[in-house]
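Numbers restart at 1 for each chain; the letters A, B, ... are given by sequence-line order, proteins then strands.
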2 protein chains.
Amino acid sequence: MIPGEYLKHLKRVGVRLTPQRQEILQVLWERAQAGGQPVNAEEVMKRVRERYPGVSLDTVYRTLATFTRKGIVNELQFKDQSRRYELVIQGEHHHHLVCLRCGFVREIAYCPEDIIKRVRESHTDFKIEEHSFTIYGYCAECRED
Amino acid sequence: MIPGEYLKHLKRVGVRLTPQRQEILQVLWERAQAGGQPVNAEEVMKRVRERYPGVSLDTVYRTLATFTRKGIVNELQFKDQSRRYELVIQGEHHHHLVCLRCGFVREIAYCPEDIIKRVRESHTDFKIEEHSFTIYGYCAECRED
DNA sequence: CAATAAGATAGGAATAATTCCTAACTAGGA
DNA sequence: TCCTAGTTAGGAATTATTCCTATCTTATTG
Ligand SMILES: [Mn+2]
Ligand SMILES: [Mn+2]
Ligand SMILES: [Zn+2]
Ligand SMILES: [Zn+2]
């Protein structure tokens, strides 16, 4: 079951709790439990339809966007054009290592905070909101050499 | 005029030098001269068509992909789904600061090399090929507060 | 507990970016 | 000059995402 903290948070920020939204949250939560491999909208839709067969892809996209805006979901944009989503874990921040062939994702704990701090200080006219840092390569199964 | 180093390089790696390709290179070069604002394929096409009216968008995409594979072009993927391209300057490496509203791009010289090195050492089964690091926010014209 | 309204939904259509397809062309080596 | 593997144009196809709108539903209020 989804930890109440997410529901509470959504309530607090004035987001309506529809069954569809709760189910989408549930899917993301299960994904996070199962190793943290981010999901794309299509996959979320499939999983949600197991319980709510009518859910539209648009609803999934809208919900993921809402959750992202409200800070409980992380929208990842990879260089193969794919967008994938993951639940934000309270007080956690990480980046990713992505296989260019199979798309497998691993998390890396490091973040270039020092650089971000330096940029914030040197580009004071620019209001920094977020950042993305991703390392690409080939995983053990996909590397050839 | 395009510096011969690019043409020489393309020749060396066995890429055919068609007029279309040379013109695409020229456009990228002029862009780099004019401040380094990366371009998308559509824009490249428009510029190339000024001299070669028949050039297809597909050719532009294919050529940009070829140039990227050959290391003379950098393909940037931003979180708004847009892809933009820039000429690689010999021996240079940098990252970007992007405005979430108008899309304006500034270059930042810093690179999280230390982190990449650490990841390379700790994830020896993963063969690192490349990385992307982008900071998002609002530029002076677009920030509201 | 019922009425209400702001916000959310389904589903189909639209848009945008990118890639595929194929017949015709051409750069560059022999 | 000839030959051919690689490249092109242009239209079609694909994919991901967003738009549209009539119809619901959540959550508040009376
Ligand atoms: Mn993650
Ligand atoms: Mn740049
Ligand atoms: Zn970070
Ligand atoms: Zn770097």
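Counting to the nearest Å, the C1' atom of C:dA17 and the CG atom of B:Asn40 are 10 Å from each other. Summarising the geometry, the separation between CD on B:Glu42 and P on C:dT19 is reported as 14 Å, rounded to the nearest angstrom. Here the C1' atom of nucleotide C:dG7 and the CG atom of A:Leu10 are 15 Å apart, to the nearest Å. In this structure, the CE atom of A:Met45 is 15 Å from the P atom of C:dT9, given to the nearest Å. When rounded to the nearest whole Å, the span between CG of A:Leu64 and P of D:dA16 equals 15 Å. Taking atom CZ on B:Phe67 and atom C1' on D:dG6, their separation rounds to 14 Å, with Å as the unit. Residue B:Arg12 contributes atom CZ, which lies 15 Å from atom P of C:dG28 at whole-angstrom precision. Put simply, CZ on A:Arg21 is 15 Å from P on D:dT25, counting in whole angstrom units.
Of the residues in residues 71-88 of chain A, A:Arg83 come within less than 4.0 Å of DNA chain D through at least one heavy atom, sorted by number.
For the pair B:Arg31 and B:Glu43, the salt-bridge criterion is met [side-chain N within less than 4.0 Å of a carboxylate O]. The residues A:Arg47 and A:Glu30 are annotated as salt-bridged, a charged nitrogen and a carboxylate oxygen being separated by less than 4.0 angstrom.
Judged by distance alone, the side chains of A:Ser82 and A:Asp80 do bring a donor and an acceptor atom under 3.5 Å apart. Looking only at atom types and distance, the side chain of B:Gln81 has a donor-acceptor partner in the side chain of A:Gln77 under 3.5 Å away. In summary, the side chains of A:Thr66 and A:Thr63 do not present any donor paired with an acceptor at a separation below 3.5 Å, with no hydrogens or angles considered.
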Derivation of the side chain to side chain contact (heavy atoms under 4.5 Å, CB included) call for A:Arg21 and A:Phe67: CA-CA 9 Å; A:Arg21 287 177 172 188; A:Phe67 286 178; 4.1 Å; yes
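By the ring-ring contact (aromatic ring centres under 6.0 Å, His included) test, A:His95 is found to be paired with A:His93, A:His131, A:Phe133, residues two or more places apart in sequence or in another chain being considered. Every residue two or more places apart in sequence or in another chain that forms a salt bridge (charged side-chain N to carboxylate O under 4.0 Å, His left out) with B:Glu129 is listed here: B:Lys127. For B:His9, the ring-ring contact (aromatic ring centres under 6.0 Å, His included) test picks out no residue, with sequence neighbours left out.
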Polar atom pairs (N or O), protein with nucleotides 27-30 of chain D, under 3.5 Å:
residue : atom : partner : partner atom : Å
D:dA27  : OP1  : A:Leu17 : N            : 3.0

Which atom pairs link the protein and nucleotides 9-11 of chain D when you take only N or O atoms and keep those under 3.5 Å?
residue : atom : partner : partner atom : Å
D:dA9   : OP2  : B:Ser56 : N            : 3.3
D:dA9   : OP2  : B:Ser56 : OG           : 3.4
D:dA9   : OP2  : B:Thr59 : OG1          : 2.4
D:dG10  : OP2  : B:Gly54 : O            : 2.9
D:dG10  : O6   : B:Asp58 : OD2          : 3.2

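Atom CD of A:Gln33 is surrounded by more than 12 heavy atoms from other residues, nucleotides or ligands within 6.0 Å.
With B:Tyr110 as the aromatic partner, A:Arg118 meets the cation-pi criteria of under 6.0 angstrom to the ring centre and within 45 degrees of the ring axis.
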